Amino acid sequence: MQSVEDKQDFDNFLAKVSSIDSIVKGLTSEDVNVQAEAFEKADEELNALKKSKTFDKTVINKNAYKNDNNLKSFPNQHTSQDEFLSAMEADCQQRANARKERHKKANKLKELGNEEFKKNSFDEAIRIYTEATKEAKDLTPLYTNRAAAYLKLGKCEEAIADCDFSLRIDERWVKAFVFKGRAYQKLNKFDDAIEQFKQLLKLDKKNTKLVQKYIDEVEEDRRIFLLEAEAAKHGEEEKQDPVNIPQVIQTLRDRMQEEKKTGSDLSGSLMYYAGGLRILQAKLVDETSRTLFRMHHGFNLFTDDGCIANCLKSRLNSVSANPCHGNELVSSAVCLLHAACINEPENLRMLVSLSSMPDVLLSFLTWPDDQVKRDVISLFQETSFEASTRLIVTNAVDCAKFGKLLLSPNTQRADANTAAATTLCNFTLEKKFLASAEKSFEEEILPCLIKYLNDVGSGDYEALTLRMRCFSHFVESSSICSLVANNGSVSENIKNALDRCVTSFKKGLTNPCAMEDVLQVTTKIIKCNKSSSFCSSLAQLLYPVVMKSKETGLLLKCLTVMSLCMEGLVECTQAVYKKAGTAFVKQLYKLMKHNDVAIVTYSLKIMCFIGQSIHAAVEYFASIDKDYVTMRQLLMNESKGTISYVNQSHVAMLLGVIAQLPHGLDPILAINKEGEVVRHLLVLCRDSNSKHCRANCAIAVGKMAQANGRFLEELRKHDGINILARNKPPDELLA
């Protein structure tokens, strides 16, 4: 903290700066009277400087002019403007050099302080930062760095004082507001903390997300503070109950201490402790009781040296010859931890911070008893429902190991398998979890996923679908996706899995188990690494589903994969058409009238790929769309947005191909719709925010005008030449 003298010096310095600034402005004024007054003030200032005897090494240099030879040339009265300014310039230079040297020393000390801070030597860091402030009182980082160290030691008032001083130096110093807010937060002055964090928005509106994060943390601390107050009150009231939470906790801890002192045989204690933990579990029914459990050191039951801790650390042989008793104690412990952490992030945070507890909890997933496995899976499942609690667990465990254990819990219980898969599905929504799991993904997790791919198409159980969904979440990570896409075993297993699914579909199974999720994985893999042989096989494999499926989700995913396979691979497109024929074109035409706009989009896209390489298919398509009603409806769609422009772009591409067919444009001419079509294509050329749509519309209009004079006439009538010239798409799209 700054002393009263330091603050007074700083105030005097600021006053001096204001006074000199006023004199300089007066000397340069056009008003003669103002100039005369400024000369008098300048003389007074110089005389005062000559009389000064002291010297201060800080920015507040009271005697900067003491040894300045320039002053000797000044007369006592009526100092000239040039002489005064010359003296001021010399003084400024001297001050700047001294200040530069002091800042250099202060910054070196600051770095030393930072090193001590990193070592958690906060007292030493404070001492060094304080030493640095003696060199440079105007260096704002010194005060906020010292404030951070004070916060680590719980000295919040000192931290606030340092932040206030740094803001007097620089009123826009962001760290000062942050640390001041943190200090108020620790002092339970929550409104004051929020007010400090809101100051960041005044500095920069881009800080909105950061500020909201800080405010959310304050509100969470406020919630915990109020809960603890309520819990303390509840604890006093509960003392009337002979079996209350604090008493049960203390009784169990006293028993463990007594057994440790006397060296008693622990084998008879397992069921005693199990019963005590079950009693506590039954009492943890709301936020107040869970907070009371934490406040009275309930979690210490699992770390205190004794029967419970030994059992949790899998040393059953050292505590009992009866594994059933050990299983019951572990089960009761896990169920209590589960009850303690429901809707209580602070309790979960405390749990995973306990020594070795994350590893202990993971070890229960390999416990020989199925009930224990189910109990610990339930605990983890509870933590997976909210992003905040998922993050707490993600930061505490080995994510790759955790993922592997949840994928293969090695239990015959269907509910345990489903719960484990659900839990992993939730955790894989977190980018941080994926990034952490990536390090050992290929060794730990991928073999499990490949194993379950072999069940797809033949097995039918809920956990399988969830595991494949986890797979689709994992490949959302670009690095994991790249790893999977370049694994030949994965591609082969996916192809075999989809083959089995299609076989089941043909036998009457409308939506084979996990097929949609495997298709989602396939989509990501193709985007990451496109293999022509893999794509050709898949496209030919999936077309029967497109032909007959009534399941919107499955149909859409099959169309998505087929369009990705055909894009840029003419041989793939031709292979599918050769196998499916005009029946496939007819089905695509029907799907263009589907009520799901995404299905319409992918059907149009696939038809475009077919039309670009197989003119016979386009001729057939033109023959079944009477008067091109469907194409014109899609083209004239007034809806704005990306999907509409994409569909219109595809229709324009088809029209461009049809224009090159003999008599391809006759149906439009026969009903005198050439003007309507040309006009709308030109509007899209001008207004569409999609460069691909503009390019396809421009190409279509050009081909139509080239094919028939009536279209050329309409192009001229609607100022089409100028519209195309002003809105010309990139040349690479017009090729």
Side-chain angles (χ1 to χ4, degrees), residues 1-15 56-60 99 102-103 105-203 207 210-211 213-222 224-225 228-229 346:
M1 291 179 65
Q2 293 299 299
S3 66
V4 175
E5 291 182 357
D6 287 340
K7 290 181 179 179
Q8 187 62 50
D9 282 347
F10 191 72
D11 289 337
N12 291 340
F13 166 70
L14 294 178
D56 187 345
K57 288 178 67 178
T58 68
V59 171
I60 310 165
R99 185 170 183 267
R102 292 195 305 274
H103 275 213
K105 291 179 181 178
N107 278 314
K108 284 183 179 180
L109 287 169
K110 183 189 76 172
E111 294 304 318
L112 291 175
N114 292 349
E115 289 300 318
E116 294 301 322
F117 188 98
K118 291 174 185 176
K119 297 175 188 175
N120 295 329
S121 302
F122 303 119
D123 284 317
E124 181 62 13
I126 289 170
R127 187 192 68 75
I128 296 173
Y129 291 140
T130 303
E131 188 69 24
T133 62
K134 295 175 182 177
E135 295 293 337
K137 290 185 178 180
D138 63 335
L139 208 57
T140 49
L142 296 177
Y143 301 100
T144 45
N145 285 15
R146 189 168 65 180
Y150 278 134
L151 281 175
K152 290 291 185 180
L153 296 175
K155 297 182 178 180
C156 299
E157 297 293 352
E158 290 87 340
I160 290 171
D162 268 356
C163 291
D164 285 338
F165 196 83
S166 68
L167 287 170
R168 295 178 68 191
I169 301 171
D170 183 353
E171 62 183 12
R172 298 180 63 83
W173 190 243
V174 170
K175 285 186 177 181
F177 291 114
V178 174
F179 291 136
K180 192 175 178 182
R182 292 294 190 209
Y184 280 130
Q185 191 173 346
K186 283 179 176 288
L187 291 170
N188 298 326
K189 296 181 178 180
F190 304 112
D191 291 333
D192 291 338
I194 289 173
E195 186 58 35
Q196 292 304 312
F197 293 137
K198 284 183 176 179
Q199 297 300 314
L200 301 180
L201 291 177
K202 296 179 181 178
L203 301 181
N207 288 327
L210 179 65
V211 169
K213 175 178 174 290
Y214 289 155
I215 291 175
D216 289 345
E217 290 172 358
V218 173
E219 293 298 353
E220 176 62 15
D221 279 358
R222 191 202 300 266
I224 292 169
F225 175 76
E228 289 182 349
E346 189 63 21

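What you see is a predicted model; the values in this text were computed from it and never measured.
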### Query
Going from CG on Leu201 to CD on Gln199, what distance comes out if it is rounded to the nearest 0.5 angstrom?
9.0 Å
### Task
Could you pull out the closest heavy-atom pair between Phe197 and Val211, with the gap in Å?
O-CG2, 3.5 Å
### Task
Report the distance from atom CD of Glu220 to atom CZ of Phe190, rounding to the nearest 0.5 Å.
10.5 Å
### Message
I need the Glu135 CD to Lys105 NZ distance, nearest 0.5 Å.
### Response
5.0 Å
### Summary
Rounded to the nearest 0.5 Å, the CG atom of Asp138 sits from the CZ atom of Arg102 at a distance of 7.5 Å
### Query
Can you name the nearest heavy-atom pair linking Ile160 to Ala183, along with the distance?
CG1-CB, 3.5 Å
### Query
Do Lys137 and Ile169 come within less than 4.5 Å of each other through their side chains, counting heavy atoms only?
no
### Message
Are the side chains of Trp173 and Cys163 in contact, using a 4.5 Å heavy-atom criterion?
### Response
no
Which pairs would a plain distance check flag for residues 107-116, meaning a side-chain donor or acceptor within less than 3.5 Å of a matching protein atom at least two apart in sequence or in another chain?
from   : atom 1 : to     : atom 2 : distance (Å)
Asn107 : ND2    : His103 : O      : 3.0
Asn114 : OD1    : Tyr129 : OH     : 2.5
Asn114 : OD1    : Asn145 : ND2    : 3.0

### Query
What distance do Asp221 atom CG and Asp216 atom CG have between them, rounded to the nearest 0.5 Å?
11.5 Å
### Task
Please identify each residue that fulfils salt bridge (charged side-chain N to carboxylate O under 4.0 Å, His left out) with Lys213, with sequence neighbours left out.
Glu217
#### Entry: Contact summary for Ala136 and Ala106, nearest pair of heavy atoms
CB-CB, 3.8 Å
### Query
Do the non-hydrogen side-chain atoms of Tyr214 and Arg182 ever get within less than 4.5 Å of each other?
yes
### Query
Which atom names give the shortest non-hydrogen contact between Ser166 and Ala176, and what distance separates them?
OG-CB, 3.3 Å
### Query
Quick one: does Glu195's side chain get under 4.5 Å of Phe177's, heavy atoms only?
no
Anything under 3.5 Å between a donor and an acceptor, one on a side chain of residues 118-126, the other on a protein residue two or more places apart or in another chain? List them.
from   : atom 1 : to     : atom 2 : distance (Å)
Glu124 : OE1    : Arg127 : NE     : 3.2
Glu124 : OE2    : Arg127 : NE     : 3.2
Glu124 : OE2    : Arg127 : NH2    : 2.7

### salt bridge (charged side-chain N to carboxylate O under 4.0 Å, His left out) partners for Asp192, two or more places apart
none
### Message
Go through it in stages, so that I can follow the logic: the residues are Glu157 and Leu187, the test is side-chain contact (heavy atoms from CB on, under 4.5 Å), and I'd like the CA-CA distance, side-chain angles, deciding distance and then a yes or no.
### Response
CA-CA 9 Å; Glu157 297 293 352; Leu187 291 170; 3.8 Å; yes
### Query
Could you give the distance from CD (Gln185) to CD1 (Ile215), rounded to the nearest 0.5 Å?
11.0 Å
### Message
Using side-chain contact (heavy atoms from CB on, under 4.5 Å), reason through Arg168 and Tyr143 one step at a time and then give a plain yes or no.
### Response
CA-CA 11 Å; Arg168 295 178 68 191; Tyr143 301 100; over 6 Å; no
### Task
Would you please test Phe117 and Arg146 for side-chain contact (heavy atoms from CB on, under 4.5 Å) and show each step?
CA-CA 9 Å; Phe117 188 98; Arg146 189 168 65 180; over 6 Å; no
### Message
Checking Glu219 now: which residues fulfil salt bridge (charged side-chain N to carboxylate O under 4.0 Å, His left out) with it, not counting sequence neighbours?
### Response
Arg222
### Query
Is there side-chain contact between Tyr184 and Val218, with at least one heavy-atom pair below 4.5 Å?
no
### Task
Only counting residues at least two apart or in another chain, list the ones meeting side-chain contact (heavy atoms from CB on, under 4.5 Å) with Arg172.
Asp170, Leu203
### Summary
Scanning both residues in full, the closest heavy-atom pair of Asp162 with Ala147 reads OD2-N, 3.9 Å
